[in-house]
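The structure under discussion appears below in the form of structure tokens.
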There are 2 protein chains.
Amino acid sequence: MTPVPPPRDETELLARARRLAGLSLGDLARSLDEAVPADLRRHKGWVGQLIERALGATANSLAAPDFEAIGVELKTLPVDARGLPRESTYVCTVPLESAGEDWEHSWLRRKLARVLWLPVQAEKTIPLAERRIGSALLWSPAPDEEALLRRDWEELTERILLGELEQISARHGEVLQIRPKAADSRALRHAVGVDGERILTNPRGYYLRAAFTAAILQRHFVLPG
Amino acid sequence: MTPVPPPRDETELLARARRLAGLSLGDLARSLDEAVPADLRRHKGWVGQLIERALGATANSLAAPDFEAIGVELKTLPVDARGLPRESTYVCTVPLESAGEDWEHSWLRRKLARVLWLPVQAEKTIPLAERRIGSALLWSPAPDEEALLRRDWEELTERILLGELEQISARHGEVLQIRPKAADSRALRHAVGVDGERILTNPRGYYLRAAFTAAILQRHFVLPG
DNA sequence: AGGGATCCATGATTGGATCCCA
DNA sequence: TGGGATCCAATCATGGATCCCT
């Protein structure tokens with residue numbers, strides 16, 4: 001199959017995404033000449049990558065948005081029967097040695113500046129190939145949403161700069177979490193300790209809590225129930 | 001010991017309650033010449049009844065407020081280390097055969113018209129005698145609080161009148177629940193079924209969800225954390 | 001039987017761990 | 001290694017059951 005070209009603008013991207021609504025993952029995979037794994041246990045990112053290809057995401061350009069030319073990030077949302085997100089959403093890795101960048105210029109804020117949310121059924125009772133794609137939502141943070149993100153980010157960033165990374169758990173942050181992000185817990189990265197010394201620690205990622213992405217969907221769609 | 005006389009007015013009641021703040025249940029029990037049980041498993045109402053006696057509640061007058069002369073109900077609130085209620089609060093039994101009374105004249109509304117809330121430490125790690133009494137709060141429902149109670153009460157009452165009591169679970173009601181209230185699940189009372197016939201069912205009580213009583217405390221005290 | 005409530009088994013949540021691909 | 005994420009054991013929440021007293 002010839003790859004899907006990048007969308008020229010947001011309108012084209014959104015139109016493509018809307019055409020996916022109602023489609024099963026099996027159907028979409030077939031149209032892209034892809035095999036469907038039995039389950040996601042050993043293929044956790046499969047759904048996201050399938051949809052990237054279906055929408056013409058720019059591959060292989062790390063540290064750039066999925067749709068580089070038009071500055072849009074793609075995020076699939078695994079949802080339950082009520083349409084509510086069942087998992088947190090990974091945003092980006094946590095810089096552990098960065099100079100003191102501020103919120104306005106933060107990696108996190110840039111990643112979330114413009115996001116195409118695409119809900120996908122994720123109940124384990126539905127075979128992977130039969131799970132359906134939901135209604136796309138092109139989103140930027142509303143002022144109150146950005147305020148929440150900013151507050152959490154600034155609190156977490158300050159603690160990292162103070163060398164307190166090891167004391168940060170996934171319980172911190174009202175809408176934004178810091179959690180391990182690696183192949184396993186033996187992975188190590190350099191960071192800064194309480195006395196300014198270099199230490200080794202697990203790599204971390206920023207994640208949006210499911211309650212936050214649920215609120216985003218809730219605000220834009222009338223959910224059933 | 002000579003029993004504590006009923007308080008003459010709310011001011012006297014509140015003053016007495018405030019004097020209890022910081023006191024341990026062991027100290028209070030000793031001053032009233034009472035034995036402290038090892039735990040509450042077989043003495044679930046012990047804390048409430050101890051504090052009734054300490055404050056001069058009118059005993060034995062069923063269907064009347066604890067402080068009958070001044071129209072105040074006493075409720076102890078079992079709280080965790082953060083001061084948050086750990087259990088729902090029983091209010092009154094659910095009338096199963098009553099004529100169609102309305103909210104204004106409901107038993108529930110009258111019970112909650114004026115309540116003296118008294119938080120008490122309830123963590124199982126603290127021996128019963130060492131648990132301390134917190135700061136008393138004399139409360140009447142604010143307009144928004146009453147609106148929530150009323151909405152739940154009216155929905156639940158309508159379902160009971162329609163004979164749908166058996167379909168009501170503790171999941172119904174945003175702030176108010178209906179739950180079993182009996183010595184055990186073999187207790188039976190008369191009620192009305194879907195076709196208007198008399199049926200036998202478990203006795204039920206109205207309970208306030210812990211999130212609701214937590215909001216009441218939150219509104220009046222700055223909680224730590 | 002109503003009023004004082006808490007207990008506790010079970011379901012729901014989630015924090016930390018992990019998996020594949022390029 | 002960063003980006004695509006989900007897994008799942010351990011914890012939390014709570015609905016239904018229960019206990020004592022008068």
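In what follows, every chain begins at residue 1, and chains take the letters A, B, ... in the order their sequences are listed.
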What nucleotide, of [options], holds the atom closest to the side chain of [X]?
X: B/Y90; options: C/dG3, D/dT6, C/dT18; result: C/dG3
X: A/Q49; options: D/dG16, C/dG3, D/dG3; result: D/dG3
X: A/R179; options: C/dT18, D/dT6, D/dA17; result: D/dT6
X: A/S185; options: C/dT6, C/dA17, C/dG2; result: C/dA17
X: A/Y207; options: D/dT18, D/dT6, C/dG2; result: D/dT6
X: B/R171; options: D/dG16, C/dG16, D/dG3; result: D/dG16
X: A/W107; options: D/dG2, C/dG16, C/dC19; result: D/dG2

Notebook entry, point to check: A/R42 or A/E87: which one's nearest nucleotide on DNA chain C is closer to the 5' end?
Noted result: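 Nearest-nucleotide comparison on DNA chain C picks A/E87.
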
Check: Side-chain donor or acceptor of A/K181 under 3.5 Å from a matching atom on the base of D/dG2?
Finding: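 Donor-acceptor pair under 3.5 Å: no.
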
Check whether any side-chain nitrogen or oxygen of [X] sits under 4.0 Å from OP1 or OP2 of [N], and answer yes or no.
X: B/R86; N: D/dA13; answer: yes
X: A/K75; N: D/dG4; answer: yes
X: A/T93; N: D/dG3; answer: yes

Item checked: side chain to side chain contact (heavy atoms under 4.5 Å, CB included) partner of A/T89, chosen from A/L77, A/V115, A/L112 ->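 Considering A/L77, A/V115, A/L112, a side chain to side chain contact (heavy atoms under 4.5 Å, CB included) with A/T89 is found only for A/L77.
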
Check: Does the pair B/R204/B/E166 count as a salt bridge with the N-to-O cut at 4.0 Å?
Finding: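 Looking at B/E166 together with B/R204, the answer is yes, because their closest N to O distance falls below 4.0 Å.
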
Notebook entry, point to check: Side chains of B/S106 and B/K111: closer than 4.5 Å at any heavy-atom pair?
Noted result: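 No - every pair of side-chain heavy atoms lies 4.5 Å or more apart.
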
